[in-house]
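Below is one structure, written out as structure tokens; comments come after it.
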Number of protein chains: 2
Amino acid sequence: MGTADRLVESTRELLWERGYTATSPRAIQERAGAGQGSMYHHFRGKPDLAAEAIRRTAAELRTAAEASLNGPGDAVERITAYLHRSRDVLKGCPIGRLAQDPGIVDDPVLREPLDTTFTWLRGRLAELLAEDVPAVDAGATAATIVATLQGGYVLARAAGSTEPFEQAVAGVLGLLSLATGKA
Amino acid sequence: MGTADRLVESTRELLWERGYTATSPRAIQERAGAGQGSMYHHFRGKPDLAAEAIRRTAAELRTAAEASLNGPGDAVERITAYLHRSRDVLKGCPIGRLAQDPGIVDDPVLREPLDTTFTWLRGRLAELLAEDVPAVDAGATAATIVATLQGGYVLARAAGSTEPFEQAVAGVLGLLSLATGKA
DNA sequence: GTCTATAATGAGATAGAC
DNA sequence: GTCTATCTCATTATAGAC
């Protein structure tokens with residue numbers, strides 16, 4: 001892995017752990033084992049490096065989601081697999097957590113991958129629901145599922161425990177099972 | 001309003017707008033129209049001031065929630081009123097947004113009001129659901145409702161639009177209406 | 001109680017040697 | 001390509017005058 005790649009990977013980790021505003025170029029350099037000159041040779045500055053890091057993380061998240069959502073089973077089974085996927089709940093969502101950072105939301109270039117990722121995810125879930133669960137509004141229910149996940153992370157971090165996340169996921173799956181009549 | 005109160009109010013606003021890490025004592029002082037000496041006379045420092053600000057915001061949020069949840073109607077009607085309450089969606093939840101800030105989550109004193117607030121809210125919603133909606137797991141569904149709200153804020157900020165928030169709320173209410181058989 | 005120094009530390013980036 | 005100064009500004013506080 002070259003220096004530029006190590007810088008991007010370090011940035012990805014730090015954005016997940018601390019967010020954008022609280023991540024300093026200095027910390028990125030230290031974790032990547034690179035000097036300042038090296039960083040400013042490969043990237044124009046912190047925003048440029050962060051943009052590359054966020055795009056890479058967004059692409060990875062989408063690939064991981066597709067694995068569950070294109071898997072075997074009907075809509076509710078695929079969504080269940082997606083929601084039950086192993087996650088580092090107390091670290092939060094590497095994309096969703098950035099939505100609280102003013103430095104991200106106020107910069108169109110940095111916010112764009114977040115918007116694109118969630119718009120795609122809601123659309124894909126809505127497709128699945130429209131096919132198999134006619135009893136519900138597919139678009140609204142898809143938004144609820146993604147929001148449950150993102151809000152579950154928030155509640156877990158506030159509680160210092162994964163329990164609220166697991167409850168929230170169980171709750172939305174319970175409601176979905178009523179909609180399919182397979183309760 | 002005395003100087004100490006103005007400092008706390010300024011801190012509350014800035015915590016909501018920027019979070020804890022990105023809020024500087026300097027910014028607090030400027031907004032409150034107070035000097036540095038004044039702030040350090042009334043408070044030991046930024047964490048002390050933030051603790052007071054967060055406790056005050058949490059108390060206010062709880063009072064506002066109780067107004068809807070103790071209002072007229074059955075469980076689903078009260079929850080609907082709570083979810084439809086007017087909110088500044090793109091600013092996010094003044095309590096929930098702090099859960100993404102490492103400076104809050106890593107400090108037990110600053111995290112405690114978040115935990116207490118969400119634990120109370122989930123409990124209160126679960127009480128209402130247990131009375132009127134026997135078809136669902138009250139605790140899990142309560143967690144889903146709170147998570148939908150918190151996740152709805154995240155999606156709205158990522159999108160730069162209130163639309164995903166409104167969809168998520170509509171979705172969870174649609175699912176709840178199935179559970180009561182009043183669809 | 002409130003004010004104005006003062007100061008140590010880090011952020012974020014540029015310059016120029018190697 | 002990478003390194004080590006260097007620079008400017010903000011952060012977070014302390015000290016002491018008023």
Side-chain angles (χ1 to χ4, degrees), chain A residues 1-56 97-98 100-111, chain B residues 1-56 97-98 100-111:
Chain A
M1 196 162 55
T3 302
D5 274 318
R6 286 206 319 282
L7 285 164
V8 173
E9 288 306 308
S10 298
T11 304
R12 299 215 300 145
E13 293 171 17
L14 286 164
L15 287 179
W16 197 358
E17 294 167 17
R18 307 187 196 172
Y20 177 74
T21 303
T23 291
S24 67
R26 197 170 192 272
I28 293 168
Q29 293 150 24
E30 273 173 18
R31 189 169 296 208
Q36 295 209 346
S38 194
M39 177 185 135
Y40 284 101
H41 171 75
H42 291 288
F43 300 93
R44 262 163 311 191
K46 176 177 159 175
D48 186 37
L49 185 44
E52 179 58 26
I54 294 170
R55 278 193 295 265
R56 214 180 273 190
R97 74 150 299 155
L98 299 176
Q100 298 296 350
D101 201 311
I104 299 283
V105 169
D106 294 345
D107 183 334
V109 173
L110 298 179
R111 183 172 66 75
Chain B
M1 194 163 54
T3 302
D5 274 318
R6 285 206 320 281
L7 284 164
V8 174
E9 289 306 309
S10 298
T11 304
R12 299 215 299 146
E13 292 172 16
L14 286 163
L15 287 179
W16 196 359
E17 293 168 18
R18 308 187 194 172
Y20 177 73
T21 302
T23 290
S24 67
R26 196 170 192 273
I28 294 168
Q29 293 150 24
E30 273 172 18
R31 189 170 297 208
Q36 294 208 346
S38 193
M39 177 185 136
Y40 284 101
H41 171 76
H42 291 288
F43 300 93
R44 263 163 311 190
K46 175 176 159 176
D48 186 37
L49 184 45
E52 179 58 25
I54 294 170
R55 279 193 293 266
R56 213 180 275 189
R97 74 150 300 155
L98 300 176
Q100 297 295 350
D101 200 312
I104 299 283
V105 169
D106 294 346
D107 183 334
V109 173
L110 297 180
R111 183 172 65 76

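All chains are named by letter (A, B, ...) in the order of the sequence lines, taking the proteins before the strands, and each is independently numbered beginning at 1. Values below: all heavy atoms of this structure, side chains included; hydrogens, waters and symmetry mates excluded.
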Do B:Pro102 and B:Tyr20 make a side-chain contact, defined as non-hydrogen atoms from C-beta onward lying under 4.5 Å apart? no
Is there a side-chain contact between A:Leu98 and A:Val105 in this structure, where contact means two heavy atoms from C-beta onward sitting under 4.5 Å apart? no
How many Å lie between CZ on B:Phe43 and P on C:dG1, as a whole number? 13 Å
Expressed as a whole number of angstroms, how long is the span from B:Arg44:CZ to D:dT14:C1'? 16 Å
Contact check, side chains of B:Arg6 and B:Thr3, non-hydrogen atoms, under 4.5 Å: yes
With a non-hydrogen cut-off below 4.0 angstrom, is A:Gly37 in contact with a base, only sugar-phosphate, or nothing? base
Between A:His42 and A:Gln36, name the one whose nearest nucleotide on DNA chain D is closer to the 5' end. A:His42
When you check the phosphate oxygens OP1 and OP2 of C:dC3, does a side-chain N or O of B:His41 lie under 4.0 Å from one of them? no
Note, A:Glu9 side chain near A:Arg31 side chain (heavy atom, < 4.5 Å): no
For atom CG of A:Leu49 and atom P of C:dA13, their distance in whole Å: 10 Å
Hey, can you pull the residues of residues 9-32 of chain A with a non-hydrogen atom under 4.0 angstrom from DNA chain D? none
Would you say D:dT2 has OP1 or OP2 under 4.0 Å from some side-chain N or O of A:Thr3? yes
Value in whole Å for how far the P atom of D:dT14 lies from CE of B:Met39: 10 Å
What is the distance, rounded to the nearest whole Å, between atom NZ of A:Lys46 and atom C1' of C:dT14? 18 Å
Is the closest basic N to carboxylate O distance between B:Asp5 and B:Arg56 below 4.0 Å? yes
About how many Å separate CD of A:Glu30 and OG of A:Ser24, when rounded to the nearest 0.5 Å? 7.5 Å
Would you kindly give the CG-to-C1' distance between A:Asp5 and D:dG1, to the nearest whole Å? 15 Å
Rounded to whole Å, CG of A:Leu7 lies from C1' of D:dG1 at a distance of 12 Å
I'd like to check A:His42 versus A:Asp48 (side-chain heavy atoms, cut-off strictly below 4.5 Å). Are they in contact? no
